[in-house]
Structures are given as structure tokens and as C-alpha cells.
Amino acid sequence: MTSAFPVHPQPLPDELFSSWVYRVARANGQNVFSFCYLLIPEMRNTYYNLDYVVTEQILQKLSMPLRVTYFRSRETTLDSYSGKLFASSTPKANRKACILQTGSQKNNHRRYCLQYCPLCLAEGEPYYRKVWRVSFITVCSRHACQLYDRCPRCSSPIRPLLNDVGQPHKMPFLGAITQCFHCAFDLKNTVACVAKADVVKDTILYERILREGFIKLEVGSNWIYSFSFFQVLRHLMRLVLREVVRDQEKDNIQDPDMLPHNLRYQCMSLLTGVFSNWPSQFMAFCINNKLIYSDFTNNTNKRPLIPYWLEKNIRQNLYSPNSPPSEQSVIAAIDYLIAHDKRLNASALNRLLGYEDSGVIKKVLKSYQRNKLFHLPYMRKPE
């Protein structure tokens, strides 16, 4: 289709793609799914994850009839964060790090993947911001209030596109973009909850880093790519999550990108100021929370395991390799196992002394077994 639509609303600042398509369809007297069916058939039946299926071809189809440049339309997509929020999309399920996940279509009703600020929705023409999909953004930096990820009346996820789906058993009408799809509550009427000042301050910093794509943590240091910085921030959320969840849930710590707002907000509250006065404040945070070097070695499956800008600062303060056991302690452990009639082998000694595969334990055990074979007493070193 090359002719322009009668009405072609332009994307608003930081508007999310699904929000823009919603406004375009309604402005032209269509619901979203009829609009997609007629103009972009490949987007049919994707209402649960519309922002994830956008491709370059789809944007090009929309640009001409809507009188908008390809670049401006691409800025509404989550892929526009590539190289800033995340290095690239994960091939599996087209997943994007630091973006709230929708999950599969079967379980998407359990995912609270879109947030909103009631004060922002009440200002001018309401629309949903792209930054509200970012997992570490938990407050509105403009109004200094907490974001919401569900309807305050019925606790349903925020899914404005479902207002265009016929649901006679739930709603007898097509709702507005600010209404809950389940109970029709107007989200603009949500009571705003004041956010902690330190969390707002950090959020302003993170949004600036996200816009610019770079960060310099201290004067005279090198520039750091924003996606590398956010990779560490996301891992810190996972670490402090152990203090947020209840004891019985610690064995089932979830991905930060799948957590509800209240848990993510608590995590960000615990992380306030962690990157200020780099690296002294970060080191103090690690010491206070008993974090060690190995806690940071699993924040990515790619090598190097730790970004260089982080590794060079924490290694000298947090890295303390295990000291090998003394021969006397190994001999004492052998005597203990024999006295208690337990199996004597390297695995049992490693478990008893708290090691995984100690060379000293193997050496002492081999010497002990050789002396025992020839009926010789094991000679203990004089103390």
C-alpha cells in the first residue's frame, strides 16, 4: 500500500511501537487487529507480543502510508536499543536482555511486561513509553513516582491491545488505551506512589546512559559501552535479589527481566549509589553484602566472563584464591575417617576439608596408601 492513510499520527517522544500502532489504527477508525490484517498480514495473531515481531520489512510497509521516515518508526521498536541496552538479541526466542519478558503465548497472562506512570498517561495524549519495558527502570524520573505493572483494581497485566479484542464476557465495549482490558479501570486514575529520591536519582543516570550509549565512571578513565554497564547492573540485581526474596524462595531466584515491579523496585533500592565515587562505593557495597570475586564470574556465558573495566577494579580487592590444605590437616582428616569407619578416598577428604579437587590431598593420600601397602607407618612431619 503506497497511498497515505486519512490520518497518520506521528510517533510521540519515546513511544513504544505497539502504542503507536494502536493510536494509528484508532485514528483511522480501525481496531489494531483489523489494521494489521489489512496492511501487515504477517502481524496477525501477535497481540500478546507485538513489539517482538517487528521487522525491517514491516516498518517499511508502515512508513510510506503513515508519512513517517523509516528511522523514526524504528525508534519505536525494542530493537532500537540494540548496541545500547543489550549487545544484540539472543537468537533463542529473539530474547533481549534488560527487557521485561512476555513469555510464551500460553503463559503471557502471568507476565507483567509493561509498566506505566499514571501521571504521564494523564498528561496530553496518553501513550506508552518504550523505557517502561526496561527491567531496571522502576520509577518515573519526570514525576518522581513509582511505576505500576498491573491494574490496581483487578491486578491484571497492562495489555492495552486486548481492548481491541471482543470479550463480551469481560467488557461490552472496546476500551481506550489507558483502560484495563479486564475490568475497564482507567489507569490514569491510579494513585501515584512517591518513589525514593535515591532511586529516582539513579534512574535519571541510567536513562542518560541509555540515550548516549556510553558512560565514564571516573575522571580520566576510559569510556564504557552502555550495554556492558547494564550487563553488570542486571547481574547486581540478581545478586541482591537473594536478600529480597524469602528464605524458602532462594533456591528459585528468577531472571530479573521476569520479576514483578515490587521486587525489582526493592532491588534498585538496595543498589542506590553503587556506581557513585567509583570504585570505592562499589567495593564498600560488595564488602557489606559479602560478595566475592566468584559472584561476578557468571554474569555472562561469553568470554571474557567479567568486563575488563570491572575486573581490573574488583580483582585486587575481592579476589582471594583458596589456600591449599596443610599436610597435617590432611593427615588429621585421614585419621578421622579411619576412626569413624568411613570410606577413605580423595572425594571424602575433599568434602571433609571443603575443597573440590586439591592436589595436596591427592599427594598425601597417595603417600599414605603406599606406606600402608608396605606396612610402613606414615611419617608425619615434625611440627
Neighbour count >12 (heavy atoms, 6.0 Å) for atom NZ, K216: yes

Donor-acceptor under 3.5 Å (N277 side chain, S280 main chain): no

ILVMFWY cluster, L119 and V131 together (side-chain gap under 4.5 Å): no

Polar side chain donor-acceptor pair, T178 to Y116, under 3.5 angstrom: no

Side-chain heavy-atom pair L114, L16 within 4.5 angstrom cut-off: yes

Pairwise distance NZ(K366) to NZ(K363) - rounded to 0.5 angstrom: 11.0 Å

Y368 reachable from V360 in the ILVMFWY side-chain graph, under 4.5 Å edges: yes

Contact check, side chains of L239 and L291, non-hydrogen atoms, under 4.5 Å: yes

Flag side-chain contact, heavy atom, 4.5 Å: W20 against L66: yes

Rounded distance [0.5 Å steps], CG in L78 versus OG in S18: 8.0 Å

Donor-acceptor side-chain pairing of Q266 and H261 below 3.5 angstrom: no

Parallel, tilted or perpendicular, as decided by the 30° and 60° cut-offs, for the rings of Y206 and F230: perpendicular

D202 (side chain) donor-acceptor with G273 (main chain) under 3.5 angstrom: yes

Nearest atoms (heavy-atom pairs only) where V54 meets T77: CG1-CG2, 3.7 Å

Hydrophobic cluster identity match, L147 and Y127, side-chain contacts under 4.5 Å: no

Test side-chain contact (heavy atoms from CB on, under 4.5 Å) applied to M268 and I137, step by step: CA-CA 9 Å; M268 299 311 296; I137 300 298; over 6 Å; no

Working for side-chain contact (heavy atoms from CB on, under 4.5 Å), residues F296 and L236: CA-CA 9 Å; F296 295 90; L236 287 173; 3.7 Å; yes

CG/D341: more than 12 non-hydrogen atoms of other groups inside 6.0 Å: no

Lys/Arg-Asp/Glu bridge criterion (N-O < 4.0 Å) met for E212, K84: no

In one Ile/Leu/Val/Met/Phe/Trp/Tyr side-chain cluster, 4.5 Å: L205, F214: no

Whether Q231 side chain and S228 backbone form a donor-acceptor pair below 3.5 Å: no

Main-chain N/O of C286 paired with N289 side-chain donor or acceptor, under 3.5 Å: no

Pair E207-S141, side-chain donor/acceptor within less than 3.5 Å: yes

Closest non-hydrogen atom pair between Q179 and N163, with its separation: O-ND2, 3.1 Å

Whether Y336 and H340 hold their rings parallel, tilted or perpendicular, with breakpoints at 30° and 60°: tilted

Pairwise side-chain contact, Y22 with R26, heavy-atom cut-off 4.5 Å (strictly under): yes

Atom pair CZ/CG of F282 and L217 - distance to nearest 0.5 Å: 10.0 Å

Considering all heavy atoms, the nearest A346-L365 contact: N-CD2, 3.4 Å

Residues Y70, R74; criterion side-chain contact (heavy atoms from CB on, under 4.5 Å); working and verdict: CA-CA 6 Å; Y70 169 80; R74 188 180 184 278; 3.8 Å; yes

Connected via hydrophobic side-chain network under 4.5 Å: V21 and V7: no

Spacing of CG belonging to L352 relative to CG belonging to L344, to within rounding of 0.5 Å: 10.5 Å

Pair listing, salt bridge (Lys or Arg N to Asp or Glu O under 4.0 Å) test, anchored in residues 125-137, at least two apart: R23-E125, D51-R133

Where C180 and L187 come nearest, the two heavy atoms and their spacing: N-CG, 4.4 Å

side-chain contact (heavy atoms from CB on, under 4.5 Å) evaluation trace for Y81 with I99: CA-CA 10 Å; Y81 280 143; I99 294 292; 4.0 Å; yes

Side-chain heavy-atom pair L337, R343 within 4.5 angstrom cut-off: no

H182 and C151, any side-chain heavy atoms less than 4.5 Å apart: no

SB check D257 K96 (cutoff 4.0 Å): no

Spacing of T272 atom OG1 and D198 atom CG [to the nearest 0.5 Å]: 5.0 Å

With sequence neighbours excluded, residues passing side chain to side chain contact (heavy atoms under 4.5 Å, CB included) with F227: A87, Y225

Minimum side-chain heavy-atom gap S358-P325 below 4.5 Å: yes

Close side-chain approach of F136 to L85, heavy-atom, < 4.5 Å: yes

Aromatic centroids of W223 and W309 separated by under 6.0 Å: no

Nearest heavy-atom neighbours spanning S135 and P256: CB-O, 4.1 Å

Considering all heavy atoms, the nearest F185-P152 contact: CE2-CG, 3.5 Å

Gap between atom SG of C120 and atom CD of E123 - 0.5 Å precision: 6.0 Å

Over-ring placement of R159 relative to F181, 6.0 Å and 45° cut-offs: yes

Y265 side chain vs V139 backbone, donor-acceptor pair below 3.5 Å: no

Side-chain donor-acceptor pair present, Q115, R150, cut-off under 3.5 Å: no

Contacts of Y128 that satisfy ring-ring contact (aromatic ring centres under 6.0 Å, His included) - sequence neighbours left out: none

R72 atom CZ, over 12 foreign heavy atoms within 6.0 Å: yes

